[in-house]
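Step one of this worksheet: look at the structure below.
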Amino acid sequence: MKLIFEISQRHRHAAVQAPRPTDISLDIPKELRRTSEPQWPEVSELQVVRHYTQLSLRNFSIDTNFYPLGSCTMKYNPRGVHKLAMTREFLQRHPLAPVEQSQGFLSCAYDLQQMLASICGMAAVSLTPMAGAQGEFAGVAMIRAYHQDRGDHGRTEILCPDAAHGTNPASAVMCGYTVKELPTGADGNTDLERLKAMVGPQTAGIMLTNPSTLGVFDQNIKEVARIVHEAGGLLYYDGANLNAILGKVRPGDMGFDVIHLNLHKTFATPHGGGGPGSGPVGVSQRLKPYLPIPMVTRDEQGYRWLTEQDCPKTIGRLSTFMGNAGIVLRAYIYCRLLGKDGLHRVGEFATLNANYLMVKLQQAGFTLAYPQRRASHEFIITLAKQAKNLGVNAMDFAKRLLDYGVHAPTTYFPLLIPECLLIEPTETESKEELDRFIDIMIALLDEAQNTPETLKNAPHSLPVRRLDDVKAARELNLTWQPGE
Amino acid sequence: MPYIPHTEHDIQTMLETIGVTGIQELFDEIPKALRIESLEGIPEGLGEMDVSRLMLEKAAQDRRGVCFIGAGAYEHHIPAAVWDIASRGEFMTAYTPYQAEASQGTLQLLYEYQTMMAHLLSMDVSNASLYDGASALAEAVLMAVRANRHSHSKRILVLGSLHPHYLQTVQSIVRAQQIEIEVIPFSAQQGTVDPATLAAYDQQDITALVIPQPNFFGGLEAVDALTQWAHAHKALTIAVVNPVAMAVLKEPGQWGDSGADIACGEGQPLGIPLSSGGPYFGFITCKQEYVRQMPGRIIGCTVDSNGKRGFSLTLQAREQHIRRSKATSNICTNQGLAVTAATIFMSLIGFDGLKKVAENCYANTHRLESLLTQISGVERLFTGPYFHEVALRLPCKVEPVLQQLLAADIQGGIDISPYYDSLKQENALLVCATETKTDADLVYFAEQLKRALHSTV
């Protein structure tokens with residue numbers, strides 16, 4: 001497909017979109033003025049509409065495809081939620097608008113803070129982090145502030161399991177910590193003996209996902225919490241997999257001191273092709289003074305912002321205003337639609353779907369990474385056997401799935417399982433859709449045995465074949481230039 | 001059950017396949033003491049009709065008159081097509097484009113976005129966006145520390161006229177990395193930084209200089225002289241700019257003799273609604289030589305196995321999912337959907353349209369300033385040229401005046417005195433009038449301000 005620049009014609013405009021020219025002349029010194037025109041497209045409104053509509057058709061999405069992408073919780077994003085969040089008054093509310101004209105939005109933010117705290121078993125929540133990674137940063141920054149506030153300056157290390165999301169160690173480093181990698185036991189639980197050997201007066205905390213990225217619930221969690229707390233460290237919960245236990249278990253009850261949530265996963269806000277997300281943080285009582293600002297509170301006069309004047313120990317501000325407010329609004333609407341019972345069922349049906357898929361795929365001849373364990377909301381199959389015997393690897397399976405109109409599961413993550421696919425169906429998929437996926441996977445096994453080239457050269461039916469990533473990185477072309 | 005499609009028959013069949021008698025059994029590996037039976041503190045669920053009613057009631061409480069607040073978020077016309085197309089499920093409900101073959105729509109759009117931003121700022125390369133303007137600046141500061149091989153001090157100079165929330169955000173994000181942020185005071189007369197002030201740092205090791213254009217007060221900094229000073233002292237120049245202003249103001253790639261090294265800012269004015277502060281998107285661009293130090297997603301143009309043009313995520317070796325603790329940043333998302341809207345916006349408005357928007361903003365704010373300063377006791381706080389925002393001095397405390405304006409359905413700007421020690425004794429009001437304001441709006445504001453001052457003073 002052509003680029004928008006390649007359909008551009010000099011002096012063509014979508015004239016109706018620009019304001020009338022002014023007769024005022026700009027009184028700006030010459031040396032501060034722009035003198036050249038950028039190479040922007042000059043196109044009609046219809047050309048723009050058609051170009052981007054056609055581009056949209058070159059995407060897989062939840063609305064068009066089954067999307068069992070592990071650890072990403074690609075559940076249905078209710079249309080009603082989006083429509084209501086796009087109500088004119090919400091869109092036109094300036095972030096610095098006076099509270100007298102903001103009680104509607106502020107009440108939603110306040111209620112969401114309360115609901116999320118309750119869902120997670122935490123004392124308080126701040127909605128300001130703009131994504132999961134920023135939530136992690138905020139969480140670890142609070143751990144740091146807590147130790148420093150107590151004059152406990154010797155704690156320089158954060159522990160992360162080897163199966164952790166890459167953001168965990170990266171966030172800990174941004175907060176000035178050294179990261180120590182904690183090995184996982186053969187059963188998928190934390191190796192308690194190794195943990196005991198690794199904690200000490202240097203331990204600031206541990207970052208855990210539970211259920212872990214291995215798709216299993218860490219049965220030792222209470223013991224982990226005891227060991228880390230006794231060493232003086234705090235426990236950080238990465239909420240990436242909260243969908244598995246929503247309404248069933250609360251991270252606060254497991255012993256976690258701080259948690260981030262991904263509203264774009266568990267609370268069904270759209271992923272938008274890679275964002276915006278939203279990563280609220282929740283904390284236990286002892287970390288409450290350090291929460292990032294602004295937050296919303298309520299008093300006799302109504303709802304108002306909490307700022308640094310109210311929260312002198314805060315880790316501070318993480319964005320210009322209050323983070324991704326529109327995503328916060330969507331999560332609030334989602335919670336009101338599902339309510340208490342609806343939210344309670346999320347974890348149950350996400351788990352039912354995952355376990356059903358896991359059992360059926362095992363019956364079909366696929367190898368499970370943890371056959372002796374229950375699946376959480378996701379599970380791992382390993383194609384190491386197929387890679388060795390048939391020369392087709394996890395990437396080949398992933399690419400071939402695309403030909404069948406199914407988005408690939410997460411591949412090659414977690415890193416400690418060879419040739420793996422991490423599969424997460426979510427609660428919003430029907431049994432028929434799961435059965436169709438199983439049939440496709442069986443067909444792929446058959447192709448792997450009989451026509452392996454079909455997999456190795458996949459995809460065959462998409463707008464492009466496999467892309468040359470090496471060329472992309474070596475001969476960097478990040479900006480279109482005229483005449484290309 | 002909301003959004004759960006299972007029939008009773010489905011559930012039974014699935015449980016039998018798994019070999020358990022009930023859903024609860026699937027949680028039997030979780031210690032019993034940890035399990036809860038129900039959620040407390042959550043109201044009963046509502047149907048879509050009832051939730052719609054509830055939300056429209058809440059929205060009505062946020063109804064307002066005319067908004068003259070700027071301060072980092074600006075009301076502009078957004079063509080209807082922008083969010084109609086961006087809200088298509090194919091864009092809105094897709095994930096990060098890891099599977100390139102199934103994401104060519106998003107990937108090509110992001111490549112077009114990178115191109116438009118790079119060209120708008122006359123910079124070599126752009127990434128696929130960061131969270132927002134303030135956090136983009138924080139990332140730019142971290143990037144400058146990695147990129148400037150001549151400097152070992154990790155000292156960053158920031159013009160004091162920078163948006164105060166940007167400064168606070170940078171401080172929270174870089175605090176743990178031993179980076180020192182030093183604020184250069186602005187001139188009390190001009191509201192901009194006199195480049196001569198920098199002479200105090202002539203003999204010192206400075207990593208980067210942060211220059212906002214326009215600055216928080218709408219004023220215009222001497223970008224050429226400031227950039228020249230930075231480069232003469234082996235410091236990198238970080239530009240923080242408003243993208244609409246770039247239609248008329250000198251773009252960072254042209255600052256000084258060799259241009260700014262990194263240019264970032266808030267993308268909201270490019271088709272993103274005010275929506276309480278987000279989601280917006282931060283943009284970051286840089287010179288080619290620093291591209292490997294740039295954080296976040298970057299899209300490259302390449303070919304497929306048939307030699308056909310295609311697009312994919314590139315330079316992933318910088319990123320957290322590969323490099324883990326050694327990544328350039330922990331950042332894992334961009335603001336994909338906001339960038340989708342911005343790209344459609346830029347295509348529709350074109351540079352010619354953007355220039356008209358910028359000129360109208362300029363004209364409206366200058367007309368507003370002339371109307372307001374005709375009121376006795378109201379004058380400009382600073383001298384010198386400004387773009388589409390201006391700081392005024394009132395003859396009395398700002399807050400009660402704003403309250404009175406509110407009663408007349410006017411959000412009359414913000415009180416900026418509390419933000420700066422040097423302005424604590426002032427009654428300083430920051431106002432902005434974009435192209436969305438009519439002349440009648442401006443005249444009405446002036447009338448109401450006059451009335452408010454009359455009853456307050």
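Values reported hereafter were calculated over all heavy atoms of this structure, with side chains retained and with hydrogens, waters and symmetry mates removed. Every chain is numbered from 1 and lettered A, B, ... according to where its sequence line falls, protein lines coming before strand lines.
With a 4.5 Å cut-off on side-chain heavy atoms, B:Leu26 and A:Tyr356 do not count as touching.
Between B:Ser126 atom OG and B:Met116 atom CE the span is 11.5 Å, to the nearest 0.5 Å. In this structure, the separation between CE on B:Met55 and CD on A:Glu89 is 11.0 Å, given to the nearest 0.5 Å. Here the CG atom belonging to B:Asp10 is positioned 9.5 Å from the CZ atom belonging to A:Phe349, to the nearest 0.5 angstrom.
The candidate from B:Ala134, B:Gly353, B:Gly277 with the greatest count of non-hydrogen atom pairs under 4.5 Å with chain A is B:Gly277. Ranked by heavy-atom pairs under 4.5 Å with chain B, the list A:Leu402, A:Thr87, A:Leu338 is led by A:Leu338. Comparing B:Ile349, B:Ile298, B:Thr17, B:Leu15 by how many heavy-atom pairs each has under 4.5 Å with chain A, the most go to B:Thr17. Taking B:Glu75, B:His119, B:Gln61 one by one and counting their heavy-atom pairs under 4.5 Å with chain A, the maximum is reached by B:His119. Chosen from B:Arg35, B:Lys356, B:His77, B:Glu112, the residue pairing most often with chain A at heavy-atom distances under 4.5 Å is B:Glu112. Per-residue counts of heavy-atom pairs under 4.5 Å with chain A were compared for B:Ala317, B:Ser87, B:Gly19, B:Ala60; the largest is that of B:Ser87. The most heavy-atom pairs under 4.5 Å with chain A, out of B:Val291, B:Val125, B:Val248, B:Leu56, come from B:Val248.
Residue contact with chain B, scored on non-hydrogen atoms closer than 4.5 Å, involves the side chain of A:Met74 exclusively. Proximity to chain B (any heavy atom under 4.5 Å) is restricted, for A:His82, to the side chain, taken from C-beta onward. A:Asn355 touches chain B through backbone and side chain together, each having a heavy atom under 4.5 Å away. Using a 4.5 Å cut-off between heavy atoms, A:Lys75 does not touch chain B at all. For chain B, the nearby parts of A:Ile327 are the backbone and the side chain; heavy atoms of each come within less than 4.5 Å. Contact of A:Leu84 with chain B is made through the side chain alone, with heavy-atom distances under 4.5 Å. Contact of A:Glu31 with chain B is made through backbone and side chain together, with heavy-atom distances under 4.5 Å. The contact between A:Tyr67 and chain B is made entirely by side chain atoms (from C-beta outward), counting heavy-atom distances below 4.5 Å. Looking at A:Asp27, the atoms closer than 4.5 Å to chain B (heavy atoms on both sides) sit in the backbone and in the side chain alike. The contact between A:Gln103 and chain B is made by backbone and side chain atoms together, counting heavy-atom distances below 4.5 Å. With a threshold of 4.5 angstrom between heavy atoms, B:Leu406 approaches chain A through its backbone and through its side chain. Using a 4.5 Å cut-off between heavy atoms, A:His51 contacts chain B through its side chain alone, with no backbone atom that close. Proximity to chain B (any heavy atom under 4.5 Å) is shown, for A:Met1, by both the backbone and the side chain. Looking at A:Leu478, both its backbone and its side chain come within 4.5 Å of chain B, counting heavy atoms on both sides.
Look at A:Glu427 and A:Arg345 and you find no salt bridge, because none of the NZ, NE, NH1 or NH2 atoms lies under 4.0 Å from a carboxylate O.
Between B:Asp62 and A:Phe105, the closest heavy-atom pair is OD2-N, 2.9 Å. Closest of all the heavy-atom pairs between B:Gln254 and B:Asp224 is O-OD1, 4.0 Å.
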- Item | Evaluation steps, side-chain contact (heavy atoms from CB on, under 4.5 Å), between B:Leu274 and A:Phe321 | CA-CA 11 Å; B:Leu274 292 170; A:Phe321 300 109; over 6 Å; no

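B:His6 and A:Asn353 share a side-chain donor-acceptor pair at under 3.5 Å.
The aromatic rings of A:His165 and A:Phe413 lie parallel to each other, their planes meeting at an angle below 30°, with 60° marking the opposite boundary.
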